[in-house]
Amino acid sequence: MRRLIAIAAIAAAIMPSTAWAWGSEGHEVIALIAASELTPAARAKVGELLGGDVAGAMADASTWADRIRRVRPETAPWHYVDIEIASAGYDPARDCPNDACVVAQIQKDAVIIGDKSLAQPVRAEALRFLIHFVGDVHQPLHASNNNDRGGNEVRVVIDGARKNLHAVWDTNVVEALGNDPATVAAILERQITPEEKRQWSRGSVVDWANQSFQIAKNKIYATLPGKGGTDAPIILPSDYAAREANITSIQLERAGVRLAMLLNKVLGAYRR
């Protein structure tokens, strides 16, 4: 009930405007939640690495990894991990060859950020990647694959528009929460309980990926109308995105809390 009330409040508080994609709004919401959860020591170091206002700098950095994909194509596989729906969960040998997946890159970036022997620009780049990748691993279709490139080959129709399933989870489900990242982040953060923060801060990046995978397997693919596939489009209910608001809000909240936890861990005790 608490989450339903909060989601309704978001919709009531925000007037319609230009829609944002997951690559901007969703990532910015996560970064803003994380910024508010930083310890003073971690906040100071993030400010040194990114410059400027910490919350604003983190929000801007949250979309950087997408902006540079065309000029750095080797980074493209770092945004996701293809865990096959028929499997039991993440297998690094099968799902992350040569560390080319989001799980391995989050782990690597966290180490780089905390290594004070490295040059500051190197650490700053790792921080930009980390802010984005923690968001990516919490998008369920970035952590799953049904022989369809994470839902990219599943054609759907929603509100009369032809899209693919991955795009719906990149855009529509976030837009259903509202279109101002700062407002959405503030409302979502207020509904996170201390116990949820404790629970979500436990576990590893692998656990986070497996959690996203299970959501994709049991709550997205398993509930699609019809058989699914790539031959004919699946007609999604017009309120599909609104129905998924609970999953979306929780995943954004988890990502924000976990991103802050990582940064507090690697930067909170940092000494020059």
Test of understanding: with ring-ring contact (aromatic ring centres under 6.0 Å, His included), list the residues that count as partners of H79, not counting sequence neighbours. H132, F133
Between E37 and K197, does any NZ, NE, NH1 or NH2 come within less than 4.0 Å of an OD or OE carboxylate oxygen? yes
Under the side-chain contact (heavy atoms from CB on, under 4.5 Å) rule, collect the residues that match up with E244, sequence neighbours excluded. W169, V173, Y240, I247, T248
Test item: N145 side-chain N/O and R149 main-chain N/O as donor-acceptor pair under 3.5 Å: yes
Please give the remaining members of the hydrophobic cluster of V157, linking ILVMFWY side chains under 4.5 Å, ordered by chain and number. I235
Donor-acceptor contact below 3.5 Å, side chain R123 vs main chain D115: yes
How long is the gap from CD on E125 to CD1 on I113, to the nearest 0.5 Å? 11.0 Å
Quick check against the 3.5 Å criterion: does Q251 have a side-chain atom that pairs as donor or acceptor with the backbone of Q139? no
Gap between atom CD of E153 and atom CG of N146 - 0.5 Å precision: 10.5 Å
For R128, side-chain hydrogen bond (donor to acceptor under 3.5 Å, both in side chains) partners two or more places apart: none
Identify the residue among D136, D66, T63 that makes a side chain to side chain donor-acceptor pair (under 3.5 Å) with H27. D136
Short question: side chain of S201, backbone of R198 - any donor-acceptor pair under 3.5 Å? no
Do any N or O atoms from the side chain of R69 and from the backbone of T75 form a donor-acceptor pair under 3.5 angstrom? no
Co-members of L118 in a cluster of I, L, V, M, F, W and Y side chains, linked at under 4.5 Å: I112, V122
Enclosure of R72 CZ (heavy-atom neighbours >12, cutoff 6.0 Å): yes
Which pairs would a plain distance check flag for residues 202-209, meaning a side-chain donor or acceptor within less than 3.5 Å of a matching protein atom at least two apart in sequence or in another chain?
from: S204; atom 1: OG; to: V206; atom 2: N; distance (Å): 3.3
from: S204; atom 1: OG; to: D207; atom 2: N; distance (Å): 3.3
from: S204; atom 1: OG; to: D207; atom 2: OD2; distance (Å): 3.3
from: D207; atom 1: OD2; to: S204; atom 2: N; distance (Å): 2.8
from: W208; atom 1: NE1; to: S204; atom 2: O; distance (Å): 3.3

